[in-house]
> 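One structure, as structure tokens, below. Some questions next.
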Amino acid sequence: MTFTVDALDGQHIVISGGLGAIGMAVVAALVRHGARVTVNDIVPVSEGESALLEAGFDPSQARYGYGDLTQKLQVEALLDKAESYFGPVTTALCHAAVVKAAPLVDVAEADWDNMLDVNLKAAFLLGQAASRRMIAQGIHGQLIFTTSWVGAVPWPEIGPYSASKAGMNMLMRTFARELADKGIRANAVAPGIVGAGMALKQWNTEPDYKRRASKAIPLGELQSPESVADAFVFLCSPASRYMTGSVLLVDGGCSLYPMD
Ligand SMILES: NC(=O)c1ccc[n+]([C@@H]2O[C@H](COP(=O)([O-])OP(=O)(O)OC[C@H]3O[C@@H](n4cnc5c(N)ncnc54)[C@H](O)[C@@H]3O)[C@@H](O)[C@H]2O)c1
């Protein structure tokens with residue numbers, strides 16, 4: 001990464017689901033470039049704070065904010081907490097997600113609801129609450145959504161997840177359209193098949209997934225979380241200042257292939 005270490009100076013970034021596998025790499029990269037980060041997740045406060053300390057983050061750089069972001073009141077509480085740590089939020093990173101694999105004919109209603117709630121509804125709630133505050137505080141900030149290459153490609157057995165990511169891309173584009181005249185931008189990062197977190201779990205536990213995934217990456221290797229983090233550093237930096245409404249595809253070419 002060739003951005004200077006002060007590329008994100010003055011930024012206060014809130015990331016949902018930030019204690020996850022990719023999230024921690026993103027937080028590390030944001031902090032390394034000068035941002036202060038409020039890291040949200042759903043583990044108890046003592047556990048979240050310990051996780052950040054153990055990962056080597058100084059509390060002057062990264063603090064933990066508990067909240068199940070499918071709940072509007074908890075989204076507001078998170079943003080109150082974040083402002084008490086580091087002042088107004090300049091970027092809200094809607095990153096939390098869950099996946100449960102099954103063909104669509106077998107998907108249980110509760111699993112559909114859970115994936116759409118955590119992935120799409122929570123992104124809407126955080127994007128809405130953060131942008132309302134940016135408008136009230138006169139912040140020319142940004143909303144960034146973590147979507148996926150499967151938001152545009154029908155990868156088997158994760159239909160509700162893919163639908164949620166497609167929905168997030170349109171949510172992002174609508175925020176971008178509606179907020180542009182207020183100086184607030186919205187963009188998305190769409191990673192490929194990452195060798196960490198939810199994809200690695202599927203790779204390790206579902207032989208059929210591993211068989212398909214091992215043939216689906218034109219660049220030939222699983223994506224590193226650091227390569228996802230680099231895309232966030234770019235989008236959070238002034239280098240992206242003329243971008244709004246974009247899906248930044250960082251997928252090693254996965255979406256170029258017809259699926260087997
Ligand atoms: N791993 C991949 O290959 C891959 C590929 C493309 C996109 N992504 C996306 O990257 C992001 C992170 O994925 P990951 O692989 O690191 O997964 P992960 O499971 O390691 O992290 C997800 C985090 O979200 C948190 N979370 C769950 N429900 C929540 C809620 N209601 N409120 C707040 N936080 C909640 C979890 O506790 C977890 O820490 C997700 O948006 C995912 O869809 C991942």
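Counting starts at 1 for both ligands and their atoms, following the listed order.
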> Distance from T146 atom OG1 to M172 atom CE, nearest 0.5 Å?
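Reported value, rounded in 0.5 Å steps: 11.5 Å.
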> If we only count N/O pairs under 3.5 Å, is V98 in contact with ligand 1?
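Min N/O separation from ligand 1 is not below 3.5 Å for V98.
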> Can you pull out the closest protein heavy atom to atom 6 (C) of ligand 1? Residue, atom name and distance to 0.1 Å, please.
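Result for atom 6 (C) of ligand 1: G192 O, 3.5 Å.
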> Please report whether ligand 1 has a polar contact with I193, defined as an N or O pair separated by less than 3.5 Å (distance criterion only).
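N/O-N/O distance below 3.5 Å does not exist for this pair.
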> Below 4.0 angstrom from a heavy atom of N40, which ligand 1 atoms are there? Numbered from 1 as shown, please.
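Close to N40: 33 (C), 34 (N).
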> Under 4.0 Å between a Lys/Arg side-chain N and an Asp/Glu carboxylate O for R36 and D9?
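Not counted as a salt bridge, because no side-chain N and carboxylate O are separated by less than 4.0 Å.
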> Report yes or no: does Q71 have a heavy atom closer than 4.0 Å to ligand 1?
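Contact absent.
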> Are any of the N/O atoms on D68, whether in the backbone or the side chain, positioned under 3.5 angstrom from an N/O atom of ligand 1?
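Such a contact does occur with ligand 1.
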> Mind checking whether T70 has an N or O less than 3.5 Å away from an N or O of ligand 1?
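Not met; the criterion fails.
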> Does A21, backbone or side chain, put an N or O under 3.5 Å from an N or O of ligand 1?
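So ligand 1 has an N or O lying under 3.5 Å from an N or O of A21.
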> Starting from atom 32 (N) of ligand 1, what is the nearest protein heavy atom, named by residue and atom, and what distance separates them?
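Nearest protein contact, heavy atoms only, for atom 32 (N) of ligand 1 is L69 N, 3.2 Å.
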> Compare all side-chain heavy atoms of I184 with those of I135 and state whether any distance is below 4.5 angstrom.
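In contact.
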> Do V194 and S224 come within less than 4.5 Å of each other through their side chains, counting heavy atoms only?
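The answer is no; the side chains never approach within 4.5 Å.
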> Evaluate the ring planes of F3 and F234, with Trp represented by its six-membered ring, and classify them as parallel (under 30°), tilted (30 to 60°) or perpendicular (over 60°).
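The rings of F3 and F234 sit tilted, inter-plane angle from 30° to 60°.
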> Could you check whether any heavy atom of V43 sits closer than 4.0 Å to an atom of ligand 1, since that is the contact criterion I want to use?
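Flag not set, V43 not near ligand 1.
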> Using a 4.0 Å cut-off to any heavy atom of T146, which atoms of ligand 1 qualify?
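By the 4.0 Å cutoff, the relevant atoms are 9 (C), 10 (O), 11 (C), 41 (O).
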> Mark the output for W149 as yes if a heavy-atom distance to ligand 1 is under 4.0 Å, and as no if none is.
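No, W149 has no heavy atoms under 4.0 Å from ligand 1.
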> Checking side-chain contact (heavy atoms from CB on, under 4.5 Å) between L126 and each of N40, L79, L93, which is the one that passes?
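Only one option passes, and that is L79.
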> What protein heavy atom sits nearest atom 30 (C) of ligand 1, and how far off is it?
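The answer is I42 CG2, 3.6 Å.
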> Do you know which two heavy atoms are closest between E157 and R212, and how far apart they sit?
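The answer is OE1-NH2, 3.9 Å.
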> Apply the test side chain to side chain contact (heavy atoms under 4.5 Å, CB included) to residues Y161 and M198: give CA-CA distance (whole Å), side-chain angles for both, the deciding distance (0.1 Å), then the verdict.
CA-CA 11 Å; Y161 174 88; M198 48 184 63; 3.7 Å; yes
> Which bit of T147 gets closer than 4.0 Å to ligand 1, counting heavy atoms only: side chain, backbone, both or neither?
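It is the backbone that gets close, since no side chain atom is under 4.0 Å.
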> So for ligand 1, is P191 a polar contact partner (N or O within less than 3.5 Å, distance only)?
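Between P191 and ligand 1, no N or O pair is found under 3.5 Å apart.
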> Would you be so kind as to tabulate the donor-acceptor pairs closer than 3.5 Å made by side chains of residues 21-31, with sequence neighbours excluded?
none

> Quick one: CG on L171 to CZ on F145, what's the gap to the nearest 0.5 Å?
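Here the interatomic distance stands at 4.5 Å.
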> State the atoms of ligand 1, each with its element, that fall below the 4.0 Å cut-off from a heavy-atom position in K165.
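Near K165, meaning under 4.0 Å from one of its heavy atoms, ligand 1 has 40 (C), 41 (O), 42 (C), 43 (O).
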> With a 4.0 Å cut-off on heavy atoms, is A122 in contact with ligand 1?
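Contact absent.
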> Only counting residues at least two apart or in another chain, list the ones meeting ring pair (Phe, Tyr, Trp, His ring centres under 6.0 Å) with F86.
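Expected list: H12.
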> Please assess E76 against R133 for the test salt bridge (charged side-chain N to carboxylate O under 4.0 Å, His left out), listing each intermediate value before the final yes or no.
CA-CA 10 Å; E76 294 295 346; R133 289 179 189 229; 2.7 Å; yes
> Starting from atom 16 (O) of ligand 1, find the nearest protein heavy-atom neighbour and note its residue, name and distance.
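Going atom by atom, the protein heavy atom closest to atom 16 (O) of ligand 1 ends up being I22 N, 2.9 Å.
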> Geometry only, no angles: is Y161 polar-contacting ligand 1 at N/O separations under 3.5 Å?
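Yes, there is a polar N/O contact under 3.5 Å.
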> Quick one: look up the protein heavy atom nearest atom 25 (C) of ligand 1 and list residue, atom name and how far away it is.
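Sorting protein heavy atoms by distance from atom 25 (C) of ligand 1 puts D41 OD1, 3.4 Å first.
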> Under a single-linkage definition using a 4.5 Å side-chain heavy-atom cutoff for Ile, Leu, Val, Met, Phe, Trp and Tyr, are L104 and L116 assigned to the same hydrophobic cluster?
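In one cluster with L104: L116, yes.
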> At less than 4.0 angstrom from any non-hydrogen atom of V194, what atoms of ligand 1 do you find?
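Those qualifying, in numeric order: 1 (N), 2 (C), 3 (O), 4 (C), 5 (C).
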> As an exercise, state the distance from OG1 of T147 to CE of M170, rounded to the nearest 0.5 Å.
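That separation rounds to 12.5 Å.
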> What's the shortest distance from atom 24 (O) of ligand 1 to any protein heavy atom, and which residue and atom give it?
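Here the closest protein heavy atom is G17 CA, 3.4 Å.
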> For the atom pair CD1 (I42) and CG (L69), what is the distance rounded to the nearest 0.5 Å?
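Spacing of CD1 (I42) from CG (L69) equals 9.0 Å.
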> Report yes if V118 has an N/O atom closer than 3.5 Å to an N/O atom of ligand 1; otherwise report no.
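Between V118 and ligand 1 (N or O atoms, distance only) the closest approach is not under 3.5 Å.
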> Report the distance from atom OH of Y85 to atom OH of Y64, rounding to the nearest 0.5 Å.
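Rounded to the nearest 0.5 Å, the OH-OH separation comes out at 9.5 Å.
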> Would you check whether G67 reaches within less than 4.0 Å of ligand 1, judged by its heavy atoms?
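Within the 4.0 Å threshold, so yes.
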> Once you restrict to heavy atoms under 4.0 Å, what part of H95 touches ligand 1? Side chain, backbone, both or neither.
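Near ligand 1, H95 shows its backbone as well as its side chain.
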> Of all the atoms in ligand 1, which lie at a distance below 4.0 Å from a heavy atom belonging to A196?
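Result: 1 (N), 15 (O).
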> Between CD of Q61 and CG of L52, what distance do you get to the nearest 0.5 Å?
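If I round to the nearest 0.5 Å, the distance is 10.5 Å.
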> With side chain to side chain contact (heavy atoms under 4.5 Å, CB included) as the test, would you mind laying out the steps for Q11 and T91 before giving the verdict?
CA-CA 7 Å; Q11 286 230 38; T91 300; 2.9 Å; yes
> Using distance alone, determine whether G20 and ligand 1 share an N or O pair under 3.5 Å.
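Yes: some nitrogen or oxygen of G20 is under 3.5 Å from one in ligand 1.
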> What do you reckon, does P225 put a non-hydrogen atom under 4.0 Å from ligand 1?
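False for this residue.
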> Could you list which atoms of ligand 1 come closer than 4.0 Å to a heavy atom of G197?
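Counting from 1, the qualifying ligand atoms are 15 (O), 20 (O).
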> For atom 22 (C) of ligand 1, what's the nearest protein heavy-atom neighbour? Residue, atom name and distance, please.
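So the nearest neighbour among protein heavy atoms is A97 O, 3.7 Å.
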> To the nearest 0.1 Å, how far is atom 17 (O) of ligand 1 from its closest protein heavy atom, and which atom is that?
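Among all protein heavy atoms, the one nearest atom 17 (O) of ligand 1 is M198 CE, 3.6 Å.
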